[in-house]
Amino acid sequence: MKAYSTQNIRNVVLLGSTKSGKTTLSEAMLFEGKVIERRGTVESKNTVSDNSEIEQINQRSIYATPLYAEFMDTKFNIIDTPGADDFVGGAVSAFKVCDTGVLLINAQQGVEVGTEIFARYAEQYGIPLIVGVNQLDGEKASWENTLDSMKEAFGKKPVLIQYPVNPGPSFDGFIDVLKMKYYHFKDENGTREDLEIPEQYKAEAEELRSALIERAAEYDDTLMEKFFEAGVLTEDEIRKGIGIGCKAGEVLPVFCLSAKKDIGVKRLMEFTIKVASSPADRKAMTKDGNEVECKQDAPTTLFIYKTAVEPHLGEVAYFKVMSGELTEGQDLENPETGDKERITAIYAVAGKKKEKVSDLFAGDIGCTVKLRAAKTNVTLAQPGCDIAYEHIKFPASKFRTAIKAKEQKDEEKMGEALAKMSAEDPTIIVEYSKELKQTILKGQGEQHINIVRWRLLNENKIEIEMFPPKISYRETITKVAVANYRHKKQSGGAGQFGEVHLLICPIVEGVEATNKFKVDGKEMVLNIKSKESFDLDWGGKLEFYNCIVGGAIDARFMPAILKGIMEKMSEGPLTGSLARDIRVYVFDGKMHPVDSNEISFVLAARNAFKEAFRNAGPKIMEPIYSLEVMTPSEYMGSCMSDLQNRRALIEGMGSDKGFDVIKARVPLAELYKYSTTLSSLTSGSATFTMEFADYQPVPSDVQDKLLKAYAEQDTEE
């Protein structure tokens, strides 16, 4: 394969709902680009894109697959993405390296949930879209219903470049109002006739051509002037205006397709070459906020957007050349760490097929093997080139579960397998929580997690168990309490002695510390000698005040007292959860000239703190998450009712592009499998985001249940 210049490269991501035909379209594009001689089918399990066992079993894409095709002296880099929101990580990675999206709509279904979800993602990441109405040869294909659903979802953005003749099983052509041609297809291999528009279709074609010209003129002053003067635009001028509108996200050019019969695929590719952005048209953002042009005559930089472990190759790094020219054997370095890497081989990629090439120019996509340290989100650059590209920001997790191997001996093996999966798909997050003593697995949804389960069992031969994760509760207090404790132990020889008197009170935001307290109806004034403040690793604060007078406790024992308190805060008195936001005043005590030592005061402080805590109106606090749900209006009531059953506090409601939006604060304890429930309630049409907000006290009935459960567990242990 020859090296293609930046201007002759098109990087395209295929988007759409499950079963919209993205993989079938990618087969047709590879066929037109002479990469394959025969087109495979999803049903026959022989497509270039869906090449993994799990994809073939499920007969749908689960991973984003990079492909390429050579067509009209242009290299198409194509990324075929999954249609389920659970596997959105692949699309997000593709947005980083692609310049245009082809959004497929199934003509038998119209605009579906996934269509709108991926259109929103594309808008969020600034990816212009071309729409392909696919499966126009389907039994239930309806052009009119599809158009109506597009208008409802996208307003006036859709602009018809083509419309079909005979949609349904007899679909064999379309009218192209940009070319003003009738394209008739003679077979199922894309063999087409370019004919004059039949008389019965001319009036509609002229009407749509006028609408196309009018829209094209909207986006360029020169075109607008010519339109007002002459009332017409040339084919090139229409393309120019539509291209400007498309790149601005204001126009969705609409094409007719039957990817299965290779109808319309060539015209879609031709239009993409002439209208869609080349890599040179888009700038990349660096981590420090600068923009970098995609130019060949610049230092070599590349960005790794995906890594995978493949049989016979090992770890494969997929990248985009962001600037300059990449050559085989070139030495690069990671500007963030200084790690050096040699590019020993470069490949153009079409699924499992890897074609070795000697070089790639700026804007091109390829892969390499045997990198020492470079992974996803790593920039490699020519030595001395201080450019590091902004990392891909993956969506926050929506599903979490605890996981463990059924056999203890498989725990380490499971950890290694999960780490590899997470490296391949950064939306799979694996954490071991020391606090909860559990391995927590996070993903985008239950389907996503089930793929992890399947891979562990079938690829790694590890049986696992999944169960609801524990909740990271916190403990705090609501009022002032005083306690003292004497630790005394005598067992021949040197003994142990330490006595600590302390007062505790809550840290409340906006309330300043004081030295005056009322305890059991009596005024108490403390003489503060010193203060230490600690931001706790688990959130919140501890303030430690030394109020000892008259040398009741020697200063050398104060660190031991602090240590004892900190130990008890890391294992709260109520449920063993972490404690936070407490002020501790040590104001009195006793020591022994011989028997007092550090351990004595650690133990005395622990027990005094524990007793005071229990008398200070202790409260259990739970993590609260901010939730934003986007749902079609017909499901609004069901979503609201479900949230209220989850102890949600509704903060607001609104709308966004035809969706109702609910903003709420919900306890994490109530969100287990929420993504599955929401999908069930709304037939898969709602989406949501969630992020940690803060800790809030649990209701008293919930606290009683937690205390009872902890007591039972303590008894069992």
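Along the sequence shown, residues are numbered consecutively beginning with 1.
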Main chain of P426, side chain of S422: is a donor-acceptor contact present, judged purely on distance under 3.5 Å?
no
For the aromatic rings, using the six-membered ring if either is Trp, is the centroid distance between Y695 and Y473 under 6.0 Å?
no
Quick one: which residue pairs count as a side chain to side chain donor-acceptor pair (under 3.5 Å) with a foot in residues 428-441, not counting sequence neighbours?
E431-K442, E435-R474
Could you tell me which residues satisfy side chain to side chain contact (heavy atoms under 4.5 Å, CB included) with E291, sequence neighbours excluded, listed by chain and number?
K283, M285
Is the distance between the ring centroids of H448 and F87 under 6.0 Å?
yes
Non-hydrogen atoms of R580 and T476 that approach each other most closely
O-OG1, 2.9 Å
Name each donor-acceptor pair under 3.5 Å that joins a side chain in residues 634-644 to protein atoms two or more places apart or in another chain, with its distance.
residue, atom, partner, partner atom, Å
D642, OD1, R646, NE, 3.4
D642, OD2, R646, NE, 2.8

Closest heavy-atom contact between K393 and Y125?
O-OH, 3.1 Å
Hey, mind stepping through E424 and R455 against salt bridge (Lys or Arg N to Asp or Glu O under 4.0 Å) and telling me if it holds?
CA-CA 13 Å; E424 292 180 42; R455 290 187 64 186; 3.7 Å; yes
For a quick test of your reading: what N or O donor-acceptor pairs under 3.5 Å do the side chains of residues 13-20 make, sequence neighbours left out?
residue, atom, partner, partner atom, Å
S17, OG, G114, N, 3.2
S17, OG, T115, N, 3.1
K19, NZ, Q59, O, 3.2
S20, OG, S17, O, 2.7

If you look at every heavy atom in M524 and V482, which pair is closest and at what distance?
SD-CG2, 4.3 Å
Check S397 against M690 and note the closest heavy-atom contact, atom names and distance.
O-CG, 3.7 Å
On a heavy-atom basis, which atom in A669 and which in E622 lie closest, and how many Å separate them?
CB-OE1, 4.3 Å
Kindly indicate whether a cation-pi arrangement holds for K306 with Y318, taking the cut-offs as under 6.0 Å to the six-membered ring centre and within 45° of the axis.
yes
Could you tell me the separation between the CG atom of D581 and the OG1 atom of T478, rounded to the nearest 0.5 Å?
12.5 Å
Rounded at 0.5 Å granularity, tell me how far NZ in K320 sits from OH in Y305.
10.5 Å
Taking only residues two or more places apart in sequence or in another chain, which ones pass side chain to side chain donor-acceptor pair (under 3.5 Å) with T427?
D425
Interatomic distance, N546 atom CG to K531 atom NZ [nearest 0.5 angstrom]:
14.0 Å
Going from CZ on F613 to CG on L574, what distance comes out if it is rounded to the nearest 0.5 angstrom?
5.0 Å
For residues 658-687, which residue pairs qualify under ring pair (Phe, Tyr, Trp, His ring centres under 6.0 Å), counting only residues two or more places apart or in two chains?
Y674-F688
Nearest 0.5 Å please: distance from the CG atom of L418 over to the NZ atom of K413.
12.5 Å
